[in-house]
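Working notes, structure below.
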Amino acid sequence: MVLLDGKKTSSDLKDEIAIAVKQLKADGKKTPHLAAILVGTDGASMTYVNSKVKACELVGFNSTLIDLPESTSEEQLLHEIELLNNDTDIDGFIVQLPLPKHIDEQKVLMAVNPDKDVDGFHPVNVGKMALDLPTFLPATPYGILELLERYKVETSGKNVVVIGRSHIVGRPMSILLSQKRSAGNATVTLVHSLTKDIKAFTLNADIIVAALGIPEFLTGDMVKDGVTIIDVGITRVDDATRPRGYRIAGDVHFESVSKKAGYITPVPGGVGPMTIAMLLKNTLLACERR
Ligand code: BQF
């Protein structure tokens, strides 16, 4: 069993990005600048945004964090987005998800200038992605492609099962893996909460992407020998024996599945760090495209 080490791979990627930034600066070009809007004080969201800001510092980007209270209205948030759309120093920005319930997520994502949409969530960019046109790929699926490529996991002609149909992971992942591209050309099945007998599909899979958000859903009896496992889950599960009172669980029951897997991502340290690295990559691209 080979661990797909996202921590190491993301660190390599960040080194490569840092070199590119040094070159931009040496050439007298603009320093890439990422902005993030955070609404509210959700613990996990604050952690994620802070990781993104820290990663920017590490590679030499400028970053701006716009911290708004939970009580921010949709109108006020749309106004902040407009300011970032019009700010010529900002190359790309993100709105940290999830948003408070009183704000319409779709409306917010559609307000982001597609040229600055480094999360790749704007319908124009989703459309471009689906049509094989160059655009910002959503960071988590993009990170998974990068991980598969760097570890030379063959995807062409393989049976891939993606579990979960979210707009951020499952749906784009299923599209990208089926495309004529590197880490593509797979035969993809997307299964979800209404699929009958998920195990019948996963038992036949060469590669499984688990992105349904149910801790330890995928167990050893559901997979075949030699399978490649990509675990996108990160759920905080109560655990009184841990200092923080919780532990982070993936969507994969690591102990049983890793006994059969050829390749497997750990949680933490698998897909998560890759997500951050690909956001930086998209921001570098956004800066270079201007
Ligand atoms: C790791 C995210 C659900 C909903 C909104 C490193 C991250 C996570 C794990 C991280 C995620 C998940 C992010 C690890 C960003 C990935 O070491 O395993 C980094 O920061 N992520 C997000 O911004 O919004 C989310 C998951």
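Keep in mind that what you see is a predicted model, and the values were worked out from it rather than measured. Throughout, residue positions are numbered sequentially from 1 according to the sequence presented. Counting convention: from 1, in listed order, for ligands and their atoms alike.
- Close contacts between ligand 1 and Ile234 involve ligand atoms 12 (C), 26 (C) [criterion: under 4.0 Å to a heavy atom].
- Salt bridge status for Lys30 with Asp91: present, with a side-chain N to carboxylate O gap under 4.0 Å.
- Counting heavy atoms closer than 4.0 Å to ligand 1, residue Val267 contributes nothing at all.
- Under the 4.0 Å criterion applied to side-chain N and carboxylate O atoms, Lys260 and Glu255 are not assigned as salt-bridge partners.
- Of the protein's heavy atoms, Gly269 N, 3.2 Å lies nearest to atom 17 (O) of ligand 1.
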Going through the distances and angles, do Gln23 and Lys29 end up as a side-chain hydrogen bond (donor to acceptor under 3.5 Å, both in side chains)? CA-CA 9 Å; Gln23 191 60 51; Lys29 304 232 177 74; over 6 Å; no
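- Shortest non-hydrogen contact noted between Val112 and His122 is O-CD2, 3.2 Å.
- For the pair Arg150 and Asp12, the salt-bridge criterion is not met [side-chain N within less than 4.0 Å of a carboxylate O].
- In terms of protein heavy-atom proximity, atom 21 (N) of ligand 1 is nearest to Tyr48 CD2, 3.6 Å.
- Each of Val53, Val49, Thr283 was checked for a side-chain contact (heavy atoms from CB on, under 4.5 Å) with Ser63, and the lone residue meeting it is Val53.
- At under 3.5 Å, a nitrogen or oxygen of Lys52, whether backbone or side chain, sits near a nitrogen or oxygen of ligand 1.
- Here's the thing with Gln96: one of its N/O atoms is less than 3.5 angstrom from an N/O atom of ligand 1.
- For ligand 1, the polar-atom distance check finds no N/O of Gly272 at less than 3.5 Å from any of the ligand's N/O atoms.
- Which parts of ligand 1 touch Leu97 is read off a 4.0 Å heavy-atom cut-off, strictly below it: atoms 5 (C).
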